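Read the structure below first, then the notes.
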Amino acid sequence: MTASTERRIEDVNVIVSGQGGDGSLTVSTILADLLRQRGLNVYTERDVLSRIKGGVAVAGLRASRDVRFGRGDHVELVVSFDLEGIEKMVTQLAPDAVVVYDDSDVPMPAGLLPANVRLFAAPFARLAVRKLGRILYKNSIAVALATRSLGIADDDVRHGFEQRFNRLGPAILGQNLQALDLGFELAEEMGLSAGHDTVEQDGRPEGQLQITGNQAAALGFIAGGGRFFAGYPITPATEILESLEGWLPDFGGVVWQAEDELASVNMAIGAALAGVRAMTSTSGPGIALMQEGIGHAGSAEIPLVVVDCQRGGPSTGLPTKPEQSDLNMMAFGGNGDFPRIVLNPGDPGDCFELTVEALNLAERFQCPVYLALDQALSQNLATIAPFDLDAVTVDRGKRLSAEQLASMSEYRRYAFSDDGVSAYSVAGTPGGMSLVTGNERDEFGRVSTSPENRARMVEKRAQKIESARADLPRGRRTGDPGATLGLIGVGSAYGVLLEAMEELEAGGVSTRLLQPRTVFPVLDETLEFITSCERVYVVEHNATGQLAGIIAQGGGDTKRMRKVLRYDGLPLRPGDIAREIIERESL
Amino acid sequence: MTASTERRIEDVNVIVSGQGGDGSLTVSTILADLLRQRGLNVYTERDVLSRIKGGVAVAGLRASRDVRFGRGDHVELVVSFDLEGIEKMVTQLAPDAVVVYDDSDVPMPAGLLPANVRLFAAPFARLAVRKLGRILYKNSIAVALATRSLGIADDDVRHGFEQRFNRLGPAILGQNLQALDLGFELAEEMGLSAGHDTVEQDGRPEGQLQITGNQAAALGFIAGGGRFFAGYPITPATEILESLEGWLPDFGGVVWQAEDELASVNMAIGAALAGVRAMTSTSGPGIALMQEGIGHAGSAEIPLVVVDCQRGGPSTGLPTKPEQSDLNMMAFGGNGDFPRIVLNPGDPGDCFELTVEALNLAERFQCPVYLALDQALSQNLATIAPFDLDAVTVDRGKRLSAEQLASMSEYRRYAFSDDGVSAYSVAGTPGGMSLVTGNERDEFGRVSTSPENRARMVEKRAQKIESARADLPRGRRTGDPGATLGLIGVGSAYGVLLEAMEELEAGGVSTRLLQPRTVFPVLDETLEFITSCERVYVVEHNATGQLAGIIAQGGGDTKRMRKVLRYDGLPLRPGDIAREIIERESL
Amino acid sequence: MTETFPLAEPIWCAGCGHFSVLSALDAAFDRLDVPRHEAMVLAGIGCSGTIQNHVTAYGYHALHGRVLPAAAGAKLANPSLTVIAAGGDGDGLAIGGGHLLHAFRTNPGITYIMMNNGTYGLTKGQASPSSQLGFHGATEGRAADPIMLGLSLPGTTFLARGYSGDAAQLATLTDAAIRHSQAGKGFAFLDVISPCVAYNDRYHNWRARLCDLDTVDGYDPRDRTAAFSLAAALEAEGKKPTGLVYEGEGLALEAALGAAPADANIDPAANMPAVRELMDSFRG
Amino acid sequence: MTETFPLAEPIWCAGCGHFSVLSALDAAFDRLDVPRHEAMVLAGIGCSGTIQNHVTAYGYHALHGRVLPAAAGAKLANPSLTVIAAGGDGDGLAIGGGHLLHAFRTNPGITYIMMNNGTYGLTKGQASPSSQLGFHGATEGRAADPIMLGLSLPGTTFLARGYSGDAAQLATLTDAAIRHSQAGKGFAFLDVISPCVAYNDRYHNWRARLCDLDTVDGYDPRDRTAAFSLAAALEAEGKKPTGLVYEGEGLALEAALGAAPADANIDPAANMPAVRELMDSFRG
Ligand SMILES: Cc1ncc(C[n+]2csc(CCOP(=O)(O)OP(=O)(O)O)c2C)c(N)n1
Ligand SMILES: Cc1ncc(C[n+]2csc(CCOP(=O)(O)OP(=O)(O)O)c2C)c(N)n1
Ligand code: SF4
Ligand code: SF4
Ligand SMILES: [Mg+2]
Ligand SMILES: [Mg+2]
């Protein structure tokens with residue numbers, strides 16, 4: 001992209017950087033709205049420190065004709081209110097990028113920006129104070145330069161301001177419009193004149209959703225019949241708790257902020273015993289605390305859905321940064337052997353669908369089901385097709401009604417069966433009184449140490465996972481079916497890999513992709529995908545290749561697997577991945 | 001063995017079974033003492049329900065010329081005060097076994113015992129009440145029949161009684177001696193006459209220890225300089241807490257029973273920050289609760305030793321039964337990627353040594369070190385050579401003194417270094433003030449999200465494990481070095497495998513054994529052992545083959561590995577293992 | 001009638017205080033006409049934690065220390081259940097102490113019976129947070145009294161103490177506690193002095209140390225400050241009040257939340273219109 | 001002198017109450033002549049949990065809710081340290097509530113400063129257990145008061161409350177708390193009303209709701225029952241006492257245990273004779 005408005009915008013990455021809490025991030029929201037109105041798909045990324053005020057806060061925004069689930073490799077436009085933001089970005093700038101910079105405090109150092117980058121610097125903050133009496137208006141001045149550089153018609157921007165600021169009263173709207181005009185004047189002076197509007201108009205079908213993975217999972221929970229949610233605030237999972245607080249009561253459900261994660265997981269277990277579909281969500285530290293409770297649900301055969309919005313670890317780690325480093329804990333954590341399922345959505349649509357599916361699987365197989373998100377998938381806002389609500393089903397598995405119970409001569413809560421699944425009744429159902437325990441037990445739920453019973457119970461629980469296999473969500477595949485090079489990735493890696501594949505293709509490397517939506521147990525389709533390729537790059541956001549390790553334990557051919565890892569707290573980027581693979585392939 | 005006293009006893013397995021709390025288990029203690037005095041190595045096994053009174057309690061006792069770490073395959077003598085105990089044992093009876101049975105309540109059903117088994121049944125309880133006025137004396141009556149059948153001289157038994165009951169006063173001693181004589185009379189009547197004493201006298205070197213794995217680990221903790229211990233009661237780990245409560249204060253140390261496992265692990269972390277070698281111990285449920293704390297120690301680089309006395313899982317599971325099913329949690333649990341070491345002793349001597357080693361490794365590499373025991377290893381009493389106290393060393397790693405600090409111009413708690421290990425100073429040391437945190441941090445310990453720093457810190461922590469490899473405890477090997485068939489096992493499997501190898505050899509199958517003492521990280525020696533064999537049977541006490549899985553993830557050749565699993569709550573038995581392997585080898 | 005799980009004989013030691021708690025609870029269900037399928041008995045881990053095996057009801061054996069969150073979750077999910085949580089002093093005061101505090105604070109409509117023997121029975125006699133100072137075991141510190149704790153939280157609505165040695169009083173208090181929760185008033189806490197004859201046998205000792213509040217002239221269980229003063233004064237003499245110590249006004253948590261998830265219709269046909277509306281709010 | 005870690009500027013919002021706590025603490029070390037290398041500042045997770053970054057001392061950032069066990073572990077390991085634990089109300093009352101109860105009960109000689117703003121600042125304004133009823137957020141229930149909690153446990157030895165808006169009083173109380181712990185009397189708890197200007201800005205509101213105990217005629221901080229009564233009465237009016245609420249007699253845990261592990265000689269040469277004796281007791 002250049003600052004000229006002669007070209008149609010197909011794909012633009014914008015970065016807005018300022019001091020946290022100074023309002024500069026609304027610049028990116030305004031630009032996102034305008035670009036969305038022009039028919040582009042918008043994806044926004046947050047990069048905030050785990051602190052409240054002060055410190056650099058960066059918002060990333062991508063507007064593209066194609067649906068994208070990630071930022072691109074290059075930044076075409078930077079709007080920055082501090083130098084640090086530009087310094088951080090300088091290596092990512094597109095060759096012909098535009099930089100809009102507030103030099104009120106620090107002038108742009110000579111030589112910082114590459115030669116072809118066009119700089120539009122002015123003291124926005126000082127102008128805002130001097131001319132409009134309030135520093136806040138610096139943001140609206142900057143918007144003008146940004147929209148000019150993007151080729152959005154001035155009137156469209158004015159119209160957008162009216163929509164946005166109307167509810168704040170005419171005074172504030174007026175001031176912001178003045179600031180905008182000040183900005184247009186500045187632009188004019190700098191040779192950034194108003195062009196005709198050339199932004200795509202036909203990129204995006206009507207009615208697309210603009211939604212994060214967390215919001216989609218919360219919506220999926222409600223759609224799938226979830227009616228009890230307990231959680232404890234933690235980044236980047238809090239939005240699930242907060243969204244459901246707003247929504248679930250209208251559906252007759254209860255949301256509870258518990259005193260800690262031990263309470264929230266055990267409250268969900270209690271609710272499940274009373275027959276209500278229950279879920280909790282947290283991030284790595286909370287999942288670590290929940291390990292005993294999750295294993296208990298696996299032992300005692302209690303349906304439970306647990307969302308892990310993964311973030312940079314270990315320990316408190318990098319609370320606001322993406323990572324996929326709890327996969328091992330989900331697949332192998334907890335004491336003893338117990339059945340569990342780990343589902344891995346790749347985009348918000350998947351988050352919705354797999355949450356519904358998790359609720360069904362949890363009740364059908366009476367075991368814990370993890371939903372593994374990651375910070376980028378949880379918190380970034382993507383444009384996506386509306387969810388297929390007609391496809392939502394609710395399957396409560398072998399749940400016994402009072403009538404069924406009345407017709408049975410005997411009811412054994414943990415009865416042995418071919419598929420390992422026993423019929424269950426929930427508290428309140430006449431005739432279904434039963435014992436549930438995390439100790440080893442006989443069919444009636446009475447604590448038992450009999451070796452014969454023990455062995456059968458262990459096998460029964462393991463059998464459930466075998467029985468579930470046929471129904472576990474299948475992965476998504478794309479790419480050249482004849483390619484000998486495979487790619488595997490989950491969570492936010494999915495969208496990034498889609499784009500990396502294009503770059504690989506452009507670089508002459510043809511690939512195909514599997515996004516396993518069930519990571520544990522490892523499905524045959526994953527093993528077969530690997531053996532059908534000569535080499536498979538498993539792309540993950542962690543330092544040790546946890547996904548590759550899980551697949552290896554599940555029988556994946558390690559000779560064909562290669563690890564592509566990132567663990568510096570930055571989101572995965574398609575260019576980096578493509579570059580690494582091309583390099584390794586050409587060795 | 002037969003009831004005749006013509007043979008020398010080389011290896012005898014005794015089972016005593018009664019109602020929990022009725023004192024019948026002292027019979028096995030008395031027999032153990034007598035057999036030990038005869039120069040045999042004694043191994044005792046407990047099998048109690050997780051309940052206090054009532055219910056069948058079974059004690060197993062093995063006395064053998066060779067050192068054994070497990071019960072044998074057959075039971076030569078059963079002393080039982082209830083029928084249930086015999087019913088449970090009947091399939092394990094040696095062809096010529098002796099059964100001493102109290103038929104006060106239930107006569108022995110015809111046909112229950114195999115043909116060649118010799119039964120000595122009498123109403124001990126009724127006799128005790130009638131003749132001695134107290135039911136308790138039934139135990140001493142039974143002892144007489146048992147010692148006669150074992151060929152222990154009557155006078156030796158009397159002498160043993162004097163030693164044991166003296167401190168309870170002459171009245172009680174007298175009554176017990178009377179009961180004993182009553183028993184000898186009964187034996188005489190039944191044709192079980194006193195023979196000459198033929199029990200081994202020369203089997204065991206002088207001064208052997210009679211000790212459990214838990215006691216040995218507690219002793220190792222003290223020898224290795226551990227001076228802070230926090231724990232919370234849980235079977236089968238409680239004896240570590242209770243032993244240290246008795247011992248550690250004499251060494252200037254502190255033992256604390258915390259309010260829960262979250263507290264105990266974090267207290268140990270606090271003590272470590274103050275420079276004291278610290279440990280906690282628990283079992284699976286407690287380890288699950290400690291996952292966040294252990295990962296924190298891994299992240300923040302805090303030395304910490306955690307003992308997991310594994311028991312039957314999942315969840316509360318089988319609290320009093322052996323299992324090795326937390327290996328996955330130790331190797332892969334917790335959020336994020338962090339360095340950790342898992343050591344696996346195979347007998348009480350190993351428990352001592354590896355606890356010392358764990359303390360050194362924890363401080364040298366500033367990370368959590370797990371010691372993985374299992375119920376059988378933790379609680380069963382074995383005869384074993386005294387520990388080599390002269391070999392104990394204390395290595396505090398890169399710990400800085402005030403003098404060293406004073407000579408440094410700058411101290412960075414998390415300084416980068418080639419081996420990934422930074423020098424550390426502990427609270428109280430002048431000049432070493434520093435920041436310790438579980439967030440990602442820079443070299444000074446200041447929270448940092450810089451991608452460059454992050455990547456280096458992740459690599460630094462991983463590097464520690466690479467640096468540690470050379471010093472991690474090597475496994476023990478035994479068997480025919482030329483054998484193409486390998487065996488791998490840890491914990492209580494070690495001793496059982498030693499015996500299984502003899503049986504395999506007898507069955508014409510030559511094997512060699514590796515007991516890896518470091519399970520995680522997987523050492524090269526383990527991988528090499530596997531590739532040096534044609535097939536390797538990995539023998540574990542869990543349902544999924546966790547050890548084999550860990551080795552597979554660590555690069556073990558899965559094509560050569562075979563799993564031998566037990567998960568019914570009973571201890572591993574050499575005969576079962578040998579039989580299974582012979583069967584699978586002859587397919 | 002469907003046969004449900006066969007009731008087993010308790011495995012407690014003869015003379016264990018827990019027998020009395022069991023009798024009082026089982027009989028209370030009859031006295032209060034609680035349909036057994038609407039009753040849930042959740043227990044912790046410990047000797048006490050087996051009580052649910054001996055009562056015809058929905059029984060659940062929670063994790064050690066987590067019986068309160070599980071019970072609250074069940075009650076919020078289905079407020080029409082009569083939810084009884086029970087467990088030991090180790091379970092409820094040591095590892096579960098934090099949850100107890102929050103149960104007082106947030107007042108879910110469950111009855112919680114602490115089977116308090118001042119020791120960890122099941123793990124063979126270690127000290128618990130309610131052990132007397134000097135009791136063998138590692139824990140130092142002066143005994144915590146869960147009723148004093150309850151008094152310190154303004155959300156508390158029901159506090160009573162019974163004694164295994166006084167079956168009549170225990171029956172009355174068990175009924176009163178269950179009625180409190182059933183009536184939508186919230187969390188009913190019943191501390192029962194339930195001696196462990198194996199590891200902390202204090203039957204001989206307790207009777208003289210208990211002060212029945214019915215015998216205290218003018219005692220008003222609605223007066224939180226007076227309750228605290230009396231309990232503190234007794235504590236200084238090594239004694240404890242029994243009977244209804246405190247009953248305050250309050251709205252149960254499930255009522256405050258308007259909870260009734262078990263009644264919700266989760267059929268997709270019924271739900272999707274509203275879900276669609278919610279989804280549509282995300283259209284750009 | 002070795003250069004130690006460079007002190008950073010706090011990242012708190014301008015006007016955050018936590019600044020006052022930091023100043024009071026840092027200055028107390030000077031006023032009390034605490035050698036900085038003998039001071040340990042342990043903090044929880046939260047906005048409050050960054051205080052240690054701004055004090056020259058051994059600083060430790062504990063897990064969320066676990067600052068008290070870590071601090072107690074450090075003190076038992078080396079009783080000569082001056083150990084300060086600090087953290088938020090979410091950290092100390094919600095997830096860490098159980099540990100607080102046990103710290104009161106067992107009385108380790110540490111000072112604990114609760115930086116109490118009635119909300120979860122760092123995670124952006126959810127309700128905490130000390131939030132007023134009706135504060136937005138999911139948590140219902142009446143606000144827990146950690147000082148009332150402390151009064152309910154007979155092991156408690158020091159309870160005080162300060163306010164970020166009153167620097168002089170806060171300094172006095174911080175000194176007194178640290179002195180209490182240093183003197184071997186045990187656990188000193190200092191609740192500081194430290195408003196969160198971003199999510200629960202109540203500066204305007206607090207001053208009128210605080211009652212300085214120095215202004216209460218005849219108030220005796222040695223009288224636990226009276227302290228409870230006054231606090232409960234104030235609570236009923238929506239007010240809280242500030243100042244020294246309670247100071248009782250007690251022996252610090254580390255003293256009761258005779259702890260001094262950091263002084264122990266763990267050299268094998270020095271140790272092995274006694275270890276050998278112990279081992280020999282296992283010879284058959
Ligand atoms: C997480 C966890 N830690 C420890 C244990 C071991 N444990 C079982 S019961 C118990 C304490 C029992 O004491 P209490 O609750 O007072 O019950 P009582 O046996 O006295 O009735 C403990 C520590 C466990 N099951 N789970
Ligand atoms: C186990 C765990 N759960 C949740 C979190 C997320 N978290 C970080 S700080 C915080 C609460 C902070 O509130 P408070 O302790 O009151 O401190 P403040 O920010 O108000 O000073 C939470 C829930 C976490 N870090 N770890
Ligand atoms: S050990 Fe104590 S608490 Fe347990 S059953 Fe026996 S008397 Fe009761
Ligand atoms: S968010 Fe609140 S607690 Fe956090 S720094 Fe800002 S004012 Fe202080
Ligand atoms: Mg108890
Ligand atoms: Mg707070």
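First the proteins, then the strands, lettered A, B, ... as listed; each starts at 1. Keep in mind it's a predicted model, so treat the numbers as computed, not measured.
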With a 4.5 Å cut-off on heavy-atom pairs, point out which of [options] contacts chain A the most.
| options | result |
| --- | --- |
| G545(B), A455(B), G312(B) | A455(B) |
| I294(B), T437(B), T316(B) | T316(B) |
| E440(B), Q553(B), H296(B) | Q553(B) |
| Q291(B), M329(B), E459(B) | M329(B) |
| A548(B), G284(B), P451(B) | P451(B) |
| T558(B), L327(B), I287(B), D326(B) | D326(B) |

Between [X] and [Y] (side chain of the first, backbone of the second, donor and acceptor by atom type, cut-off under 3.5 Å), is there such a pair?
| X | Y | result |
| --- | --- | --- |
| N439(A) | L318(B) | no |
| N335(A) | S315(B) | yes |
| E292(B) | L289(A) | no |

Most chain B-contacting option - heavy-atom pairs closer than 4.5 Å, from G317(A), A288(A), G333(A)
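The answer is G317(A).
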Between G554(A), G569(A), G549(A), G295(A), the one whose heavy-atom pairs under 4.5 Å with chain B are most numerous:
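Highest number of pairs under 4.5 Å: G549(A).
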Can you tell which part of R461(A) gets under 4.5 Å to a heavy atom of chain B, answering side chain, backbone, both or neither?
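Side chain of R461(A) only, per the 4.5 Å heavy-atom cut-off to chain B.
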Could you look at A543(A) and say if it's the side chain, the backbone, both or neither that has a heavy atom under 4.5 Å from chain B?
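Looking at A543(A), backbone and side chain both touch chain B.
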Quick one: what part of [X] sits under 4.5 Å from any heavy atom of chain A, side chain, backbone, both or neither?
| X | answer |
| --- | --- |
| S448(B) | backbone |
| T544(B) | both |
| A552(B) | neither |
| R311(B) | neither |

Report the C-alpha distance between D337(B) and Q546(A) in whole Å, list the side-chain angles of each, state the deciding distance to 0.1 Å, and finish with yes or no for side chain to side chain contact (heavy atoms under 4.5 Å, CB included).
CA-CA 9 Å; D337(B) 296 304; Q546(A) 300 192 357; 2.7 Å; yes
Evaluate whether atom CZ of R562(A) has more than 12 neighbouring non-hydrogen atoms of other residues, nucleotides or ligands under 6.0 angstrom away.
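Atom CZ in R562(A) is crowded, with more than 12 foreign heavy atoms closer than 6.0 Å.
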For the student: nearest non-hydrogen atoms of F332(A) and N328(B), plus distance:
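Smallest heavy-atom distance, with atoms named: O-CB, 3.4 Å.
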With rounding to the nearest 0.5 angstrom, report the CG to CG distance, L262(B) to L262(A).
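That separation rounds to 6.0 Å.
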At what distance, to the nearest 0.5 angstrom, does CG of L570(A) lie from CD of E452(B)?
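Reported to 0.5 Å precision, the distance equals 7.5 Å.
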